[in-house]
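Supplied in structure tokens, the structure appears directly below.
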Amino acid sequence: MEKRNYAGIPDQYAKLETAKVVLIPVPYDGTSTWQKGADKGPEAFLNASENMELYDIETDSEVYKEGVYLAPAVTENASPEAMVDAVHETTKKYINKNKFVTLFGGEHSISIGTIRAFNECFNNLTVLHIDAHADLRKEYEGTKCNHACAVYEASQTTNLVQVGIRSMDITEKSSMNMEKVFFAHDMAVNEYWMDDVIDQLTGNVFITFDLDAIDPSLLPSTGTPEPGGLFYYETLEFLKKVFTERNVVGFDIVELCPNENEKSSDFLAAKLYYKMLSYKFTSNMEDEEDYSDDDSSPFNKLSKFKSNDDDY
């Protein structure tokens, strides 16, 4: 992956030293079981981002000016376990610098390492898992680091809340907390589902967003498209509520499987990432009005660890 700035932003906003956001690409597709190509997702996402307007109308903001550092891609692919370890180590390194850490995959197995890092760094963590699939197998095809196992570890170690689920194996029911699973067919007839989800979240939230949560009529370029998914504006409404009402400490987006003849999926993924950043930083600006000193800023409370400036 060639070295460039996220979304083509000016160098002054792309330096690690001053950027508040770190974006880690993980072009990995080692365990997917149907359509291959998620390893091409980060490149397609970055290409689409370079063709996106950087002023967000809804939030009246240009969030890139908070600084977005595009980190070197995690390219470890010797084994699923080695990839997970590399993602875990890299993610934790940037969290410890007090950055708002985000990742773009790659298939969903990358989230095992991501979630592990965030859970080690933040107290009382909720993993908000937005996906078509439950991803709760303890092991699949000989490894615990398969995309079908993406949130099994999170189900054991964090407050896992699942949204949009509409495909699973019966064996996964044994790992589910049914009070914290929001199935797509129930959401379709429950006008209060967003509030019901919010009620299940703790203060600190990490979001793992599988793009197949989106209805395939809007985003067909994903490895395992499932009918009956979320639509664009309800997705944004929900995410905005989460960012406004909870402290989102980071997120990843996974499972873009680009199609050379269908670029709208790449662009939707690019817009979704930028929207999530816009919600994060505009909600922080609202929060900061209530703080009287710098020690209370949302970025000082993000991590258990203090920034190590010497590592830049």
Close side-chain approach of F104 and P25, heavy atoms under 4.5 Å: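 A side-chain contact is absent here, since even the closest heavy-atom pair is not under 4.5 Å.
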Side-chain donor-acceptor pair present, D210, H133, cut-off under 3.5 Å: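 Absent: no donor and acceptor within the cut-off.
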Min side-chain heavy-atom separation L230-F238 under 4.5 Å: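 Result no, sub-4.5 Å side-chain heavy-atom pair not found.
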Flag if over 12 foreign heavy atoms under 6.0 Å of CD, E179: no
Steps toward side-chain hydrogen bond (donor to acceptor under 3.5 Å, both in side chains) verdict (K280, N247): CA-CA 9 Å; K280 172 62 184 178; N247 180 38; 3.2 Å; yes
Modelled atom types, side-chain donor and acceptor of N146 and T143, under 3.5 Å: no
Whether K15 side chain and Y69 backbone form a donor-acceptor pair below 3.5 Å: no
side-chain contact (heavy atoms from CB on, under 4.5 Å) assessment of E226 paired with D212: CA-CA 7 Å; E226 288 279 347; D212 64 29; 5.8 Å; no
Side chain E255, main chain H108, donor-acceptor under 3.5 Å: yes
E62 and L54: CA distance, side-chain angles, deciding distance, side-chain contact (heavy atoms from CB on, under 4.5 Å) verdict: CA-CA 6 Å; E62 295 175 289; L54 295 176; 5.5 Å; no
Distance in Å, Y28 OH paired with D39 CG, rounded so as to fall on 0.5 Å steps: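 With rounding to 0.5 Å, OH (Y28) is 10.5 Å from CG (D39).
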Same cluster (ILVMFWY, side-chain, under 4.5 Å), Y233 and M187: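 Yes, Y233 and M187 fall within the same hydrophobic cluster.
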Under 3.5 Å side-chain donor-acceptor pair for T208 and S111: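 Present: a donor and an acceptor within the cut-off.
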Same cluster (ILVMFWY, side-chain, under 4.5 Å), F183 and V189: no
Gap separating the OG1 atom of T282 from the CD atom of E66, nearest 0.5 angstrom: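 Those atoms lie 9.5 Å apart.
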S278 side chain vs T59 backbone, donor-acceptor pair below 3.5 Å: no
pair V161-F182: side-chain heavy atoms closer than 4.5 Å: yes
Pairwise distance CE(M276) to CZ(F243) - rounded to 0.5 angstrom: 4.5 Å
H147 and E107 side chains, donor-acceptor separation under 3.5 Å: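 Their side chains do not contain a donor-acceptor pair, so the 3.5 Å distance test is not met.
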Reported SG-to-CD distance for the pair C145 and E153, which is rounded to 0.5 angstrom: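 Nearest 0.5 Å value for the SG-CD distance: 8.0 Å.
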Qualifying residue, where the test is side chain to side chain contact (heavy atoms under 4.5 Å, CB included) with T102 and the options are L277, V22, D252, I24: L277
Closest heavy-atom pair and its distance - A44, L256: CB-CD2, 4.2 Å
Straight-line distance of L272 CG to I214 CD1, nearest 0.5 Å: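 The CG atom of L272 sits 6.0 Å away from the CD1 atom of I214.
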Nearest heavy atoms of N119 and T157, plus distance in Å: ND2-O, 3.4 Å
Residues which pass ring-ring contact (aromatic ring centres under 6.0 Å, His included) with Y94, listed by chain and number, not counting sequence neighbours: none
Contact check, side chains of L239 and F209, non-hydrogen atoms, under 4.5 Å: yes
Side-chain heavy atoms of L136 within contact of M176, under 4.5 Å: yes
Any donor-acceptor N or O pair under 3.5 Å, side chains T126, T202: yes
Closest contact, heavy atoms only, L218 versus S265: O-OG, 4.4 Å
Nearest non-hydrogen partners of S217 and F231, listed with the distance: OG-CE2, 3.8 Å
Under 3.5 Å donor-acceptor, D215 side chain and G228 backbone: yes
Partners meeting side chain to side chain contact (heavy atoms under 4.5 Å, CB included) with K241 (sequence neighbours left out): M194, D195, I198, E245
Heavy-atom side-chain contact between F206 and V248 under 4.5 Å: no
Under 3.5 Å: donor-acceptor pair, side chain of E76, backbone of A78: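 Between the backbone of A78 and the side chain of E76 there is a qualifying donor-acceptor contact (under 3.5 Å).
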Atom pair CG/CG of D196 and D186 - distance to nearest 0.5 Å: 10.5 Å
M52-V21 co-clustered via ILVMFWY side chain contacts under 4.5 Å: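 Same cluster.
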CA sep, side-chain torsions, deciding dist, call: V63, Y274, side-chain contact (heavy atoms from CB on, under 4.5 Å): CA-CA 8 Å; V63 71; Y274 201 67; 3.4 Å; yes
Exam field: side chain T91 to backbone H88, donor-acceptor pair closer than 3.5 Å: no
Any side-chain donor near an acceptor of the partner, K263 and N47, under 3.5 Å: no
Linked, directly or transitively: M178 and V151 (ILVMFWY side chains, under 4.5 Å): yes
Side-chain (S79) to main-chain (A82) donor-acceptor, under 3.5 angstrom: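 Side chain of S79 to backbone of A82: a pair is present.
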Residues K240, K275; criterion side-chain contact (heavy atoms from CB on, under 4.5 Å); working and verdict: CA-CA 9 Å; K240 188 174 185 179; K275 275 288 190 183; over 6 Å; no
Backbone N/O of L219 and side chain of S264: donor-acceptor pair under 3.5 Å: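 The answer is no, because no donor-acceptor pair under 3.5 Å joins these two groups.
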Qualifying residues under ring-ring contact (aromatic ring centres under 6.0 Å, His included), relative to Y152, sequence neighbours excluded: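 By the ring-ring contact (aromatic ring centres under 6.0 Å, His included) rule, Y152 matches no residue at all.
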Residues K271 and E53 bridged, charged N to O under 4.0 Å: no
Contacts of type ring-ring contact (aromatic ring centres under 6.0 Å, His included), residue Y64, not counting sequence neighbours: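 Listed in chain order: Y13.
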Sidechain-backbone polar pair: N5 side chain, A14 backbone, donor-acceptor under 3.5 Å: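 It does not hold such a pair.
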Closest heavy-atom pair and its distance - V181, I165: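 In this case the closest contact between V181 and I165 is CG1-CG1, 4.2 Å.
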Neighbour count >12 (heavy atoms, 6.0 Å) for atom CD, E89: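 No.
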Close side-chain approach of H129 to V163, heavy-atom, < 4.5 Å: no
With Y273 via ring-ring contact (aromatic ring centres under 6.0 Å, His included) - residues at least two apart: Y6, F45, F251
Sequence neighbours excluded - salt bridge (Lys or Arg N to Asp or Glu O under 4.0 Å) pairs with any residue from residues 130-139: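 Residue pairs with at least one partner in residues 130-139: R137-D169, R137-E172.
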Side-chain heavy-atom pair C121, K92 within 4.5 angstrom cut-off: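 Heavy-atom side-chain distance check passes, below 4.5 Å.
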Backbone N/O of Q200 and side chain of N159: donor-acceptor pair under 3.5 Å: yes
Least distance between heavy atoms, I115 atom then A154 atom: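 I115 and A154 have their closest heavy atoms at CG2-CB, 4.0 Å.
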More than 12 heavy atoms of other groups within 6.0 Å of Q156 CD: yes
